[in-house]
Amino acid sequence: MLELVANHLCSFIFKLSIQTGIIVVVHTTTGITYALSQYIAPSDSFLYFVQVAWQLLHGIPPFVYIAINPSLRAGVWHYAAPIRSAMFMTSSASSKVTTIAVVPAPKPSVHLS
């Protein structure tokens with residue numbers, strides 16, 4: 001039992017390290033490019049790089065969290081596609097009735113990882 005908890009904790013720490021590592025790399029790159037642009041006359045390509053880095057700095061953390069955290073991903077998926085609909089059509093040539101059955105999406109399971 002203790003080994004199972006230790007394995008789960010190691011998995012959690014590994015995922016957390018990956019998340020923070022990706023975000024820290026983006027923050028560090030943006031900070032360095034901003035500092036360099038204050039002392040060196042930047043070229044146009046450097047300014048484009050700085051602009052993309054700045055946009056990633058503010059936009060990438062939620063996507064990193066969603067990509068690595070399964071319970072967060074399930075919750076986002078639940079709100080992105082809350083209702084599944086299925087369309088059933090009869091194959092009879094005489095009847096042209098179309099029935100639409102609306103089925104609510106299943107609730108996401110709760111995980112601690």
Side-chain angles (χ1 to χ4, degrees):
M1 180 67 180
L2 187 59
E3 186 175 316
L4 179 65
V5 171
N7 287 339
H8 184 68
L9 186 61
C10 288
S11 172
F12 174 75
I13 290 172
F14 179 73
K15 288 178 183 179
L16 186 63
S17 299
I18 295 291
Q19 286 177 358
T20 55
I22 292 170
I23 294 170
V24 164
V25 166
V26 172
H27 275 76
T28 303
T29 303
T30 304
I32 290 171
T33 56
Y34 178 76
L36 287 175
S37 69
Q38 299 301 311
Y39 299 107
I40 300 171
S43 65
D44 286 341
S45 59
F46 184 76
L47 288 176
Y48 284 122
F49 176 75
V50 170
Q51 182 65 30
V52 169
W54 184 260
Q55 291 172 352
L56 284 175
L57 170 71
H58 296 293
I60 204 167
F63 294 106
V64 172
Y65 298 143
I66 291 169
I68 295 179
N69 190 332
S71 61
L72 184 61
R73 187 172 45 242
V76 168
W77 183 253
H78 175 70
Y79 286 111
I83 296 177
R84 294 183 186 156
S85 63
M87 197 158 108
F88 303 102
M89 299 181 79
T90 60
S91 61
S92 170
S94 63
S95 175
K96 300 287 183 187
V97 177
T98 302
T99 304
I100 297 176
V102 178
V103 180
K107 294 187 179 188
S109 60
V110 178
H111 295 229
L112 296 177
S113 55

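When reading the values below, keep in mind they use all heavy atoms of this one structure, side chains included, and skip hydrogens, waters and symmetry mates.
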_Same cluster (ILVMFWY, side-chain, under 4.5 Å), I22 and L56_ = yes
*Taking side chain to side chain donor-acceptor pair (under 3.5 Å) as the test, write out the residues that go with S43, two or more places apart.*
S45
*side chain to side chain contact (heavy atoms under 4.5 Å, CB included) involving I40 - partner list, sequence neighbours excluded*: L36
_Where A53 and V26 come nearest, the two heavy atoms and their spacing_ = O-CG1, 4.3 Å
_Looking at every heavy atom in both P42 and S37, which two are closest together, and how far apart are they?_
CD-O, 4.2 Å
_With ring pair (Phe, Tyr, Trp, His ring centres under 6.0 Å) as the rule and sequence neighbours excluded, what pairs involving residues 16-57 come up?_
W54-H58
*Who pairs with Q19 by side chain to side chain contact (heavy atoms under 4.5 Å, CB included), at least two apart in sequence or on another chain?*
L16, V64, Y65, I68, N69
